[in-house]
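Some notes on the structure that comes next.
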Protein chains: 2
Amino acid sequence: MEPGSRPSGPERPTVIISAAEVGRANRARIVQALADRGPLSRADLARITNVPRATIGSIVKSLLSSGWLEEGQPRPPADGIGKPGTPLWFGRHAGLSGAIHVQPRRVVTAVVNAAGDILSTHRHKIPARTSTEGVVSVILNAAAQEFHHDMDELTGIGLALPAAVDRQTGEVMACTPLPALVGSHLRQRLEDLTQVPTVVEEDVTTLALGQRWFGQARGVDDFAALQIGDGIGAAVMLGGHLLRSRVGLSEIGHTCVDLRGQKCTCGLIGCWETVASNNWLRHTARQLDITTSPKLTPHRLVRLATSGDKAAQGLADMYAINVAVGIANLVQFLALPVLVLHGDIVGGGEYLRSRVEQAVIARTFPAHVSGRVGQLEIQLAHNDADACLLGAAASVLSRTLHIHV
Amino acid sequence: MEPGSRPSGPERPTVIISAAEVGRANRARIVQALADRGPLSRADLARITNVPRATIGSIVKSLLSSGWLEEGQPRPPADGIGKPGTPLWFGRHAGLSGAIHVQPRRVVTAVVNAAGDILSTHRHKIPARTSTEGVVSVILNAAAQEFHHDMDELTGIGLALPAAVDRQTGEVMACTPLPALVGSHLRQRLEDLTQVPTVVEEDVTTLALGQRWFGQARGVDDFAALQIGDGIGAAVMLGGHLLRSRVGLSEIGHTCVDLRGQKCTCGLIGCWETVASNNWLRHTARQLDITTSPKLTPHRLVRLATSGDKAAQGLADMYAINVAVGIANLVQFLALPVLVLHGDIVGGGEYLRSRVEQAVIARTFPAHVSGRVGQLEIQLAHNDADACLLGAAASVLSRTLHIHV
DNA sequence: TTGTCTTTGTAGTGCCCTACTACTTAGCGG
DNA sequence: CCGCTAAGTAGTAGGGCACTACAAAGACAA
């Protein structure tokens with residue numbers, strides 16, 4: 001092959017690793033190993049990483065002196081033989097992140113440590129129909145109040161937005177619930193205010209990071225977090241890394257599952273969202289003469305179904321199948337063994353979860369589901385309320401620690 | 001968050017980076033930078049990597065002495081000012097890989113260097129209806145013949161199979177065209193024969209690697225290679241890494257695009273393959289009374305269409321749309337800017353390609369297609385014939401060089 | 001109480017690798 | 001021949017892990 005003209009991809013700069021970066025990367029790995037597995041002694045870490053204890057000792061020493069880790073009370077080994085190891089765990093003020101979760105009607109802020117403890121949190125209302133400046137000032141004020149105590153301790157601030165975010169600049173590209181946020185230079189303004197590095201992420205992305213660092217997917221390298229409600233979003237981790245293109249948006253809710261289906265609000269045909277969103281649920285409920293006084297949600301649907309309403313049971317089954325179709329596509333494509341559900345669908349509880357799981361299994365090859373992989377697990381998020389907040393903190397950790405050497 | 005019980009994911013071992021690994025990784029990055037961009041001087045490399053020239057000098061020195069790189073004739077810089085740089089490029093016998101491409105009816109072998117030059121190649125027939133032992137012995141003999149000259153120079157052997165392969169063991173899990181290969185311990189037997197480390201990959205995976213190292217996607221970090229013919233397969237690179245779950249198969253051809261569609265041979269409903277495979281093409285042609293004496297292929301279909309056959313034109317449009325639906329899903333999900341097509345569809349030429357591209361654009365959001373991303377590009381593979389062979393070699397390079405530090 | 005066994009944590013040295021500075025080499029043009 | 005620019009190279013410094021040997025801490029038995 002002649003070394004002639006080449007296609008000019010948007011080039012990722014080639015990186016040469018220096019000794020100092022090795023140190024940073026190794027410290028980060030120790031931190032992540034602890035986050036994944038809980039408190040461990042130096043000897044435990046040495047076994048896991050397959051390096052001499054002395055090496056771990058020196059890495060840990062720097063983490064201890066910088067305040068990331070603390071030594072616990074020595075604990076005798078399981079078989080009672082040998083010197084007790086000293087468990088290492090995060091200090092209460094280690095790896096502090098500022099977390100901001102912007103929702104359509106309010107802003108929630110928190111300070112979170114590396115162990116995932118929420119040290120403080122507050123809520124702030126966003127007035128309806130507010131200008132860009134109005135929304136931004138609510139967010140900035142919320143940040144100023146929440147963070148002013150620990151401002152110099154914060155390693156970073158994470159911002160979870162219900163919006164499409166440009167990965168390079170952090171700029172909001174599109175935001176249905178709060179259109180005012182588009183082009184608001186939010187990251188820059190937060191950094192100007194706080195002097196703390198700030199990372200802006202789409203909310204569903206933070207869900208995956210939050211589950212990975214602090215939640216049900218701790219230590220799990222291959223899984224997806226899905227948010228299913230008014231719309232559908234997903235973030236996938238594969239090999240411990242988020243799936244994200246250098247540029248452009250992930251719109252799994254607008255992938256086609258129904259060639260000859262309904263036209264979606266986005267203009268395309270047969271999007272997954274056209275058959276598995278709250279809108280579909282309400283529209284179909286009306287067609288089936290299922291009426292609930294407030295707007296129908298998966299939660300209310302399941303209440304009806306479990307109270308014996310046949311039509312509601314039928315609708316719940318259809319909804320489960322429609323949700324499952326998109327999930328099954330994800331599983332067929334990427335062979336993900338774990339999926340964590342967030343959003344309104346969580347209100348459907350075990351009733352809905354089991355039906356979705358069965359439907360996904362029915363729509364995927366057995367190889368992914370049984371055999372060596374173990375069971376395919378579809379889980380409901382345990383902490384759906386705080387998930388984005390923890391996720392925002394997790395994105396700070398990922399940013400600071402994941403030296404992708 | 002209390003460090004209590006954790007889910008036990010199939011754990012990726014935590015790795016600590018040593019100084020020696022830094023050296024290997026940096027040498028690998030220099031090699032890849034050259035493969036991506038063509039011959040470069042040390043100073044060029046230093047600019048690209050943003051490190052001092054002296055550092056590059058020392059890295060290059062070891063690559064020169066180990067025979068990977070050679071110095072070319074010094075070439076004066078573009079503006080004629082300053083000392084001419086010495087271009088570095090792969091030696092003709094640098095990074096030799098053995099490549100084996102197993103097809104349903106034959107085995108093709110080759111020796112390929114790091115520049116992607118095929119130094120020698122041969123074909124061997126596989127007799128019809130052969131036992132496991134029969135197929136294996138054809139492959140082993142082919143390897144023995146092709147490689148016995150350069151056996152100790154080979155950095156590895158790459159094997160591209162039309163089969164689902166277990167990522168950990170290299171064992172064939174399923175193989176429709178050659179069922180005899182299942183459980184044949186092919187990798188082990190090749191390694192026993194040659195004493196050279198061997199990597200076994202599904203053919204479509206090697207296509208992506210081949211395009212990345214030697215083909216149209218050189219230097220491109222985000223793209224997909226698709227094989228569209230009797231079935232549909234895809235391999236995706238994101239951020240320069242292959243998308244692959246730790247375990248389990250990627251079956252994008254069996255993702256659902258048609259909720260209420262036909263039953264697929266795999267047992268699921270509305271798989272992409274049910275509307276975009278050669279089988280669909282032939283079945284629909286019969287329904288439309290389009291007849292060709294031998295079996296219909298995209299190539300023959302386009303010949304009919306361009307010769308004025310209205311029915312064939314209509315069928316080609318439908319085929320393009322059906323192919324586009326699945327590609328559009330991929331683009332919506334992962335925002336891939338480049339897609340390279342392999343397989344029978346390549347026979348459809350520009351006529352078919354442009355129709356597929358238009359249909360994909362019509363089924364994706366403008367954001368991915370225009371704007372900062374640049375145009376969405378759907379390309380036909382230029383070297384479809386040798387693609388898997390080069391891909392097999394590329395998978396060896398990826399394996400030997402991609403120290404995922 | 002003491003010695004043995006096992007395991008944990010730590011010095012201290014050596015090696016690998018990149019960063020940095022200063023120098024040599026090489027071509028061009030006046 | 002000199003000045004200018006850029007490429008390539010010693011040689012030293014420093015960061016960081018590997019390795020070996022050793023001290024420390026508990027369990028247990030003589």
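Computed from a predicted model, the values in this text were never measured in an experiment. Order of the sequence lines fixes the chain letters, A, B, ..., with proteins taken first and strands second; residue numbering starts at 1 for each chain. Only heavy atoms go into these numbers, but all of them, side chains included; no hydrogens, no water, no symmetry mates.
Annotation for D222(B) and L336(B): closest pair C-CD2, 4.2 Å, computed over non-hydrogen atoms. Pairing each heavy atom of A94(A) with each of W68(A), the nearest pair is CB-O, 3.1 Å. Contact between V196(A) and G156(A) at its shortest, heavy atoms only, is CG1-CA, 3.4 Å.
Straight-line distance from the CG atom of L45(A) to the P atom of dC17(D): 14 Å, rounded to whole Å. The distance between atom CZ of R53(A) and atom C1' of dA18(D), rounded to the nearest whole Å, is 13 Å. Computed from coordinates, the Q73(B) CD to dA7(D) C1' distance equals 16 Å when rounded to whole Å. As rounded to whole Å, 13 Å separates atom C1' of dA18(D) from atom CG of N26(A). Note: CD (E71(B)) to P (dA7(D)) measures 15 Å, nearest angstrom. Atoms CD1 (I56(B)) and C1' (dT9(D)) sit 14 Å apart, rounded to a whole Å.
Looking only at distances, no side-chain donor or acceptor of R27(B) sits under 3.5 Å from a matching main-chain atom of I59(B). At least one donor-acceptor pair under 3.5 Å links the side chain of R29(A) to the backbone N or O of V15(B). Between the side chain of D36(B) and the backbone N or O of A33(B), no donor-acceptor pair lies under 3.5 Å.
Here the range on DNA chain C touched by chain A, meaning any atom under 4.0 Å from one of its heavy atoms, is dT6(C) to dA19(C).
Nucleic acid contact class of R47(A) (heavy atoms, under 4.0 Å, all strands): sugar-phosphate only. Residue contacts shown for S18(A) are limited to sugar-phosphate atoms, with no base heavy atom under 4.0 Å away. Across all strands shown, A20(A) has heavy atoms under 4.0 Å from sugar-phosphate atoms exclusively, and none from any base. Backbone-only engagement by A43(B) is indicated by non-hydrogen atom pairs under 4.0 Å involving sugar-phosphate atoms exclusively. When heavy atoms are screened at a 4.0 angstrom cut-off, I59(B) is found touching the sugar-phosphate backbone but no base atom.
There is a side-chain donor-acceptor pair under 3.5 Å between D192(B) and Q188(B).
Note that CG of L119(B) and NE2 of H149(B) are 12.0 Å apart. Values are rounded to the nearest 0.5 Å. Taking CG of L390(B) as the start and CD1 of I118(B) as the end, the distance is 4.5 Å to the nearest 0.5 Å.
Contact annotation: T55(A) side-chain N/O to dA18(D) OP1/OP2 distance is under 4.0 Å.
Projected onto DNA chain C by closest heavy-atom contact, A19(A) and G85(A) fall at different nucleotides, the more 5' of which corresponds to G85(A). Mapping A54(A) and D44(B) onto DNA chain D by nearest heavy atom places D44(B) closer to the 5' end of the strand. Closest-nucleotide positions on DNA chain C for I16(A) and T86(A) were compared, and the one nearer the 5' end corresponds to T86(A).
R246(A) places a side-chain heavy atom less than 4.5 Å from the side chain of D221(B).
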Readout for nucleotides 25-30 of chain D: B = base within 4.0 Å of protein heavy atom, S = sugar-phosphate only, - = neither; 5' to 3' it is BSS---
